[in-house]
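The figures here come from the full heavy-atom set of this structure, side chains too, leaving out hydrogens, waters and symmetry mates. Numbers restart at 1 for each chain; the letters A, B, ... are given by sequence-line order, proteins then strands.
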Amino acid sequence: MLDVRLIRSDIDSVRAGVARRGEDTSAVDRAAELDAEVRSLAAKRDSLRAEIRSLSNEVGSLFRDGRKDEAGSLQEQSKALGEEEKQLDERAGVLASELREVMLRIPNLPAAECPDGGGEADNVLLRTEHFDPDAYGDHQRVPHWEIGEELGLLDVARAVKLSGSMFVMYRGAGAALARALCQLAIDRNVDLYEEIRPPTLVRTDTMVATGHLPKFVDEAYHSERDDLWAIPTAEVPLTSLARDEILDSSELPKRFCAHTSCFRREAGSAGKDTRGLLRLHEFDKVELLALCEPADAPALHDEILARAEGLIADLGLSYRILDLCAGDIGASARRTFDIEVYSPGVDQWLEVSSVSWFGDYQARRANLRYRPGSGKGTEVLNTLNGSALAVPRVWAALVETNRRPDGSVAVPELLVPYMRGLESLTAPDR
RNA sequence: GGAGGGAUGGCAGAGCGGACGAUUGCGACGGUCUUGAAAACCGUUGAGGCUUCACGGUCUCCGGGGGUUCGAAUCCCCCUCCCUCCGCCA
């Protein structure tokens with residue numbers, strides 16, 4: 001959520017920012033109107049309340065002095081003011097909640113550095129690494145689900161038996177590989193990022209704090225009986241860690257990393273990517289997240305990107321980095337870099353990480369504040385996050401990229417220690 | 001799951017219809033004293049909204065939401081969370 005005061009003080013730049021996304025700016029104007037009305041009503045209401053309070057205090061002192069009989073007219077006056085106050089308060093309340101709804105629909109303003117553009121096609125390709133389209137052999141042009149079945153690493157059919165489509169099951173060395181990836185991702189980041197193992201079921205207000213509710217209700221799994229939601233990403237619990245708290249500037253930036261399962265209903269994508277690991281209802285992910293003062297945000301944004309990129313690079317995958325344009329970044333982001341890995345078997349670029357800077361947009365909603373080192377009062381934090389590693393797509397790209405002509409799959413050197421020394425995935429002996 | 005007891009400022013803990021945004025203690029900050037420090041003493045010390053160039057004014061917040069009342073931290077209703085005991089359990 002934006003700061004209403006920004007709309008009050010500089011509505012043009014808010015309009016301009018929303019327009020850069022290609023979105024309608026009428027909500028901004030509506031918010032300005034509602035804000036003015038709410039404030040004028042609230043001012044009237046508050047002065048009525050002040051009068052009521054002072055009358056009541058007088059009544060109180062008359063009672064204490066044993067002059068009860070003199071209090072009657074004051075009581076009546078106060079009661080009459082009370083009626084008026086109640087009406088104003090109701091009206092103000094209605095408008096205030098309308099204002100909040102409008103504010104929640106206004107997206108964040110893209111950063112100045114965020115490239116212009118209306119959609120995916122306008123994203124700026126920053127760099128492509130380690131990629132030569134002609135360098136792939138036929139042995140690599142095999143989709144991971146076939147490799148997985150062949151080598152006994154993946155058992156899609158039985159996962160479907162257990163849970164339905166868009167669920168998978170890793171087996172044997174395939175399961176070890178999935179686990180190894182997560183552990184590697186954690187180990188590489190715990191130098192600065194505190195490892196967190198958060199709950200995967202959270203309350204409604206936790207989902208609301210990051211903006212996953214109410215907008216994406218249909219995307220989330222919900223247990224009605226307990227009113228708990230399965231997290232779609234560790235961003236949800238990690239952001240709420242410091243919710244409603246006031247951090248001291250000396251403890252900033254706060255960096256967290258977490259490995260969790262992530263659950264997504266993928267309601268809008270029925271029929272898309274139904275084979276293999278490209279789109280799943282449940283998957284594992286290691287997430288990096290930072291809370292910081294505004295001035296430190298750009299440096300942290302680079303840091304998280306560098307860490308996510310470094311892992312992909314060290315795994316030996318081909319990848320590219322996109323600077324998403326204003327029309328393609330998420331509603332709460334100010335700037336986002338996507339990392340996409342190339343997966344030769346399916347011949348696709350797969351998004352494996354979105355590294356985003358949210359400014360204070362999320363933090364305002366989640367009420368994350370800090371006390372600046374100098375000066376008084378509190379300020380709203382900035383938030384950033386990105387996946388260090390999302391298992392299924394990286395798993396898929398690895399298996400496809402590392403397939404040898406004999407059908408076996410080479411384990412990247414980095415992962416060998418996490419695989420009990422296993423260097424190669426081969427067909428089970430029969 | 002059953003039965004009880006709680007939720008108040010950074011923490012501890014009073015207040016149980018009027019003068020309470022809240023006694024007090026601890027902590028933190030500033031000062032006096034001291035060569036310096038400790039101790040002692042004095043003072044300051046929650047968050048947020050609106051308004052003001054500013055000084056200031058004013059409102060909201062005692063777990064959350066509703067209600068009673070001229071007036072609610074205090075009374076009533078609902079919800080959430082925490083604790084203790086019993087049962088069950090990885």
Side-chain angles (χ1 to χ4, degrees), chain A residues 1-9 31-100 102-104 197-209 213 222-229 237 240-252 254 261 360 363-381:
Chain A
M1 186 164 52
L2 292 176
D3 189 346
V4 217
R5 284 172 290 196
L6 187 59
I7 291 179
R8 249 178 248 161
S9 65
E33 258 172 57
L34 284 167
D35 175 53
E37 266 187 89
V38 168
R39 272 186 301 151
S40 100
L41 284 173
K44 282 184 203 145
R45 179 201 59 199
D46 286 355
S47 66
L48 277 178
R49 279 185 185 165
E51 255 182 276
I52 291 167
R53 276 173 69 143
S54 92
L55 285 172
S56 294
N57 283 338
E58 281 183 59
V59 172
S61 76
L62 287 176
F63 269 63
R64 252 172 283 119
D65 296 349
R67 299 191 285 160
K68 279 189 192 172
D69 38 317
E70 298 171 41
S73 80
L74 290 178
Q75 282 176 306
E76 267 169 47
Q77 266 184 60
S78 177
K79 189 168 189 167
L81 291 176
E83 301 288 317
E84 219 179 309
E85 185 268 350
K86 198 174 172 186
Q87 290 189 353
L88 278 173
D89 189 46
E90 262 168 39
R91 183 90 203 292
V94 169
L95 292 179
S97 62
E98 199 182 325
L99 172 61
R100 191 181 153 77
V102 172
M103 287 302 295
L104 287 177
R197 183 78 207 200
T200 32
L201 296 179
V202 299
R203 302 151 152 285
T204 300
D205 49 351
T206 303
M207 289 285 279
V208 169
L213 286 178
H222 180 225
S223 160
E224 209 150 296
R225 192 163 164 164
D226 303 292
D227 195 17
L228 288 170
W229 302 80
S240 277
L241 260 183
R243 194 168 83 218
D244 300 321
E245 294 187 19
I246 300 171
L247 304 178
D248 197 86
S249 68
S250 63
E251 51 184 329
L252 295 172
K254 281 262 189 214
S261 295
D360 59 10
R364 180 165 296 107
R365 187 171 180 138
N367 197 22
L368 308 175
R369 291 175 294 169
Y370 71 100
R371 227 179 280 284
S374 60
K376 300 215 163 194
T378 58
E379 304 279 339
V380 180
L381 284 163

Searching all strands shown, indicate the nucleotide that pairs with B:rA19 (Watson-Crick or G-U wobble; both distances under 3.5 Å). none
If we take the P atom in both B:rU45 and B:rC53, what is their distance in whole Å? 26 Å
Any-strand Watson-Crick or G-U partner of B:rU69, both distances under 3.5 Å: none
Using the salt bridge (charged side-chain N to carboxylate O under 4.0 Å, His left out) criterion, which residues pair with A:Glu98? Sequence neighbours excluded. A:Arg30
Looking at A:Arg39, does any N or O in its side chain come under 4.0 Å of the phosphate oxygens OP1/OP2 on B:rU51? yes
Among B:rG46, B:rG18, B:rG49, which is the nearest nucleotide to the side chain of A:Asp46? B:rG49
Could you measure the distance from the CD atom of A:Glu33 to the CG atom of A:Leu95? Nearest 0.5 Å is fine. 10.5 Å
Identity of whatever pairs with B:rA28 - Watson-Crick or G-U, under 3.5 angstrom: B:rU44
Given B:rG49, is OP1 or OP2 found less than 4.0 Å from the side-chain N or O atoms of A:Arg5? yes
What is the per-nucleotide protein-contact pattern of nucleotides 78-83 of chain B, from the 5' end, where B denotes a base atom under 4.0 Å from a protein heavy atom, S denotes such proximity for sugar-phosphate atoms only, and - denotes neither? --SS--
Between atom CD in A:Glu83 and atom P in B:rC70, what is the gap in whole Å? 10 Å
Pair assignment for B:rU84, Watson-Crick or G-U wobble, requiring both distances under 3.5 Å: B:rA3
Taking atom P of B:rG63 as reference, at what distance in whole Å does atom CZ of A:Arg243 sit? 18 Å
In whole Å, what separates the C1' atom of B:rC59 from that of B:rG15? 24 Å
On a whole-Å scale, what distance lies between the C1' atoms belonging to B:rU68 and B:rG2? 33 Å
Spell out, as yes or no, whether a donor-acceptor pair under 3.5 Å connects the side chain of A:Arg8 to the backbone of A:Asp3. no
Specify the separation, in whole Å, of atom CD of A:Glu245 and atom P of B:rC11. 11 Å
Mind checking A:Arg369 for me? I need base, sugar-phosphate or nothing, with any heavy atom below 4.0 Å counting as a touch. sugar-phosphate
Less than 4.0 Å between a side-chain N and a carboxylate O, is that true for A:Glu37 and A:Arg91? yes
Below 4.0 angstrom from OP1 or OP2 of B:rG46, is there any side-chain N or O of A:Arg371? no
Within residues 49-62 of chain A, which residues have any heavy atom lying less than 4.0 Å from an atom of RNA chain B? A:Arg49, A:Ala50, A:Arg53, A:Ser56, A:Val59, A:Gly60
Is A:Arg364 reaching over with its side chain to a backbone N or O of A:Met1, donor-acceptor style, under 3.5 angstrom? yes
Any donor-acceptor N/O pair, A:Ser240 side chain to A:Pro237 backbone, under 3.5 Å: no
